[in-house]
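As structure tokens, the structure follows; a few thoughts come after it.
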2 protein chains.
Amino acid sequence: MTFRQDIHSSGIPVLCFPCEARRRGVCGALDPDNLVGLAKTCSRRRIESGMELTGEAQNVDSYSNVLSGVVKLSKSLSDGRQQIVGLQFAPDFLGRPFKEESSINAEAATAVTLCSFPRAAVERMMKASREFEHRLLKQTLNELDEAREWMVTLGRKTAPEKVATFLLMMARNIDSSLDAASGSASFDLPLTRAEMSDFLGITSETVSRQLTRLRADGVIRIENARHVTVDSISRLEKRCGGGRERP
Amino acid sequence: MTFRQDIHSSGIPVLCFPCEARRRGVCGALDPDNLVGLAKTCSRRRIESGMELTGEAQNVDSYSNVLSGVVKLSKSLSDGRQQIVGLQFAPDFLGRPFKEESSINAEAATAVTLCSFPRAAVERMMKASREFEHRLLKQTLNELDEAREWMVTLGRKTAPEKVATFLLMMARNIDSSLDAASGSASFDLPLTRAEMSDFLGITSETVSRQLTRLRADGVIRIENARHVTVDSISRLEKRCGGGRERP
DNA sequence: CGTGTCATTGATCAGTTTCAAGAGTTGTGG
DNA sequence: CCACAACTCTTGAAACTGATCAATGACACG
């Protein structure tokens with residue numbers, strides 16, 4: 001893979017200049033020098049939906065930034081039962097530092113663009129830039145918060161609430177309609193019914209039934225099984241089963 | 001709270017010398033100078049079972065190391081449903097850095113000893129010692145792994161498997177019998193049936209029934225509702241519903 | 001225009017919850 | 001030291017939610 005390594009007048013590699021990971025991701029931690037060093041080793045890859053990025057119990061030889069698309073992280077039991085334990089959107093950092101092998105499965109849920117770095121380069125960067133490690137810590141803490149939030153959904157919510165919670169999460173993460181605070185959202189689901197069921201800890205039939213119910217109740221519109229429109233986010237929120245304690 | 005601030009010949013505060021957090025926790029990151037600085041601000045506290053350490057949506061004004069006992073982290077929905085999202089054992093670091101207020105509830109599940117530091121002191125230490133932040137990152141990554149592992153239990157395991165998985169986790173964390181690899185374990189449950197149910201996403205009645213079943217099947221012995229003995233860990237493992245993919 | 005994958009819908013079934021009652025424990029005060 | 005109160009735990013029966021099994025429908029692709 002070849003790309004221009006010209007240095008922009010600001011000292012930032014052209015490849016990195018428009019990159020989301022520089023603004024909001026871990027690369028924002030790097031000064032131009034470090035960024036140039038890392039950019040030399042990186043490779044941009046487009047990955048088709050359904051491709052496996054890292055298998056469970058597989059060696060980790062690279063880390064990546066998610067530049068577009070959705071990556072699903074999953075774990076499975078030996079009898080085939082599967083649980084999706086997280087979704088990553090741009091500009092999340094993908095990979096588990098400080099461990100020889102991954103304990104989770106990473107797979108492209110949609111078409112995905114990654115900016116990948118060899119393991120060694122990331123480890124060098126982690127040593128070189130304190131801010132880099134700091135950002136990693138912050139992202140990890142956020143992921144931990146999200147994981148725990150999801151544990152409440154998995155352990156304590158009913159099937160209708162689970163599906164509503166998922167839709168709300170999607171509306172907040174990948175709403176393609178421009179009007180942010182308009183109270184409505186419209187988006188393509190990045191997951192199949194079966195994947196949603198693995199995320200929510202229910203069956204795909206139940207997911208389907210609950211979506212049908214939400215449509216019948218006028219909470220959502222389903223254009224073509226993949227595309228969903230939520231006219232009133234607040235109505236959807238009411239179906240998520242109450243948030244934090246103390247109103 | 002007063003304590004001797006004498007400096008041991010090694011330069012390590014006497015209070016810290018025997019401390020588990022120095023050997024395996026975040027304090028191990030600190031050189032004697034930093035350790036002395038931090039020790040000046042710390043206070044050792046004994047907390048009775050059931051006391052709340054940090055409420056949801058409450059300001060975080062201190063961080064702690066868990067020195068003994070078990071701390072339970074939970075989240076709850078507005079209608080009272082509760083989910084325990086993690087347990088912390090010695091010498092875990094307790095608290096959520098970089099956030100004004102906690103989004104989870106921390107409560108002493110058993111009697112607990114803490115070594116608490118004012119927020120500012122920890123933040124100073126995080127700036128002063130790179131290794132300190134590094135250890136925090138490592139612990140956070142481990143907690144994330146554990147949270148995701150638990151998501152599989154919550155989302156994809158049956159009630160019998162959930163209870164077995166919980167017992168196995170306890171056997172590994174707080175086995176009081178000395179013989180480590182003997183294949184047996186004996187311990188006091190740190191949680192009531194109701195708390196176990198909130199951890200496992202089932203009802204306390206179901207927990208009770210499953211424990212009864214495990215006892216009837218000879219997998220565990222129940223001495224007094226709180227104390228459990230597992231004679232064969234491997235038999236217990238078989239009831240956890242299969243671990244990782246690919247045997 | 002098959003063929004295969006994914007989604008919907010229906011009917012039945014099983015596991016878990018709910019409701020209810022009783023058995024064990026623990027602590028308190030007479 | 002015993003009796004009573006307050007819990008926690010166990011057990012049973014009925015009710016329900018969500019799973020399973022099965023058939024059909026929708027859509028994309030060769």
Side-chain angles (χ1 to χ4, degrees), chain A residues 48-50 72 77 79-84 107 109-111 153-167 188-217 220-228 239 241, chain B residues 48-50 72 77 79-83 109-111 153-167 188-217 220-228 239 241:
Chain A
E48 291 313 308
S49 167
K72 85 185 201 220
L77 300 172
D79 61 3
R81 282 176 287 178
Q82 205 177 36
Q83 175 67 45
I84 294 180
E107 184 182 323
T110 64
T153 302
L154 286 173
R156 285 304 183 204
K157 290 191 183 177
T158 64
E161 288 167 347
K162 284 178 174 182
V163 172
T165 304
F166 175 76
L167 290 176
D188 275 324
L189 293 168
L191 305 182
T192 65
R193 301 290 186 269
E195 288 172 321
M196 286 188 242
S197 76
D198 283 339
F199 195 22
L200 296 167
I202 53 182
T203 60
S204 65
E205 290 94 329
T206 299
V207 172
S208 202
R209 278 185 247 273
Q210 297 310 328
L211 286 173
T212 303
R213 199 146 90 79
L214 285 170
R215 184 188 50 188
D217 294 355
I220 60 174
R221 279 178 288 150
I222 303 179
E223 262 91 70
N224 63 9
R226 265 310 174 101
H227 194 89
V228 171
R239 305 216 167 205
Chain B
E48 291 313 307
S49 167
K72 85 183 202 225
L77 300 173
D79 61 4
R81 282 176 287 177
Q82 206 177 34
Q83 176 67 46
T110 64
T153 301
L154 286 173
R156 284 305 182 201
K157 290 191 183 177
T158 64
E161 288 167 347
K162 284 178 174 181
V163 173
T165 304
F166 175 76
L167 290 176
D188 276 323
L189 293 169
L191 304 183
T192 65
R193 301 291 186 269
E195 288 171 322
M196 287 188 242
S197 77
D198 283 338
F199 195 22
L200 296 166
I202 53 183
T203 60
S204 64
E205 291 94 328
T206 300
V207 172
S208 201
R209 279 184 247 274
Q210 298 310 328
L211 286 173
T212 304
R213 198 147 91 79
L214 285 170
R215 184 187 50 189
D217 295 354
I220 61 174
R221 279 178 288 151
I222 302 179
E223 263 90 71
N224 64 7
R226 266 313 174 97
H227 194 89
V228 171
R239 306 211 167 211

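Letters go in sequence order (proteins before strands), and every chain restarts at 1.
Relative to the side chain of Thr203(A), the nucleotides dG18(D), dT9(C), dA19(D) differ in distance, and dA19(D) lies closest. Checked against dT18(C), dA7(C), dT16(C), the side chain of Ala225(A) finds its nearest nucleotide in dA7(C). Considering only the side chain of Thr158(A), dG18(D) comes nearest among dG18(D), dT16(C), dT8(C). Here the side chain of Thr206(B) is nearest to one of dC9(D), dG18(D), dT16(C), namely dT16(C).
When rounded to the nearest whole Å, the span between NE2 of His227(A) and P of dA26(D) equals 21 Å. Arg226(A) places its CZ atom 16 Å from the P atom of dT5(C), with the value rounded to the nearest Å. Remark: C1' of dG18(D) and CD of Glu161(A) are 14 Å apart, rounded to the nearest angstrom. The nearest whole Å value for the distance from the CZ atom in Arg193(B) to the C1' atom in dT10(D) is 9 Å. Rounded to a whole Å, the CD1 atom of Ile202(B) is 6 Å from the P atom of dT17(C). In this structure, Arg209(B) atom CZ and dT11(D) atom C1' are separated by 7 Å, rounded to whole Å. To the nearest angstrom, C1' of dC9(D) lies 10 Å from CG of Leu211(B). Taking atom CD of residue Gln210(A) and atom P of nucleotide dT8(C), one finds them 12 Å apart after rounding to whole Å.
You'll find a donor-acceptor pair under 3.5 Å spanning the side chain of Glu205(A) and the base of dC21(D), going by distance alone.
The pair Asp198(B)-Lys72(B) fails the salt-bridge criterion, with no side-chain N (NZ, NE, NH1 or NH2) lying under 4.0 Å from an Asp/Glu carboxylate O.
At least one side-chain heavy atom of Leu191(A) sits less than 4.5 Å from a side-chain heavy atom of Phe166(A). In this structure, Leu211(B) and Leu167(B) have side chains that are in contact, with non-hydrogen atoms separated by less than 4.5 Å. With contacts defined as side-chain heavy-atom distances shorter than 4.5 Å, the pair Arg239(A)/Asp217(A) qualifies. Looking at Thr206(A) and Gln210(A), their side chains come closer than 4.5 Å, going by heavy atoms from C-beta outward.
For Ala194(B) and Arg156(B), each mapped to the nucleotide of DNA chain D holding its nearest heavy atom, the one lying further toward the 5' end belongs to Ala194(B). Each of Ser208(A) and Asn224(B) has a nearest nucleotide on DNA chain C; the 5'-most of these lies closest to Ser208(A).
The side chain of Thr212(B) places an N or O atom within less than 4.0 Å of a non-bridging phosphate oxygen (OP1 or OP2) of dT11(D).
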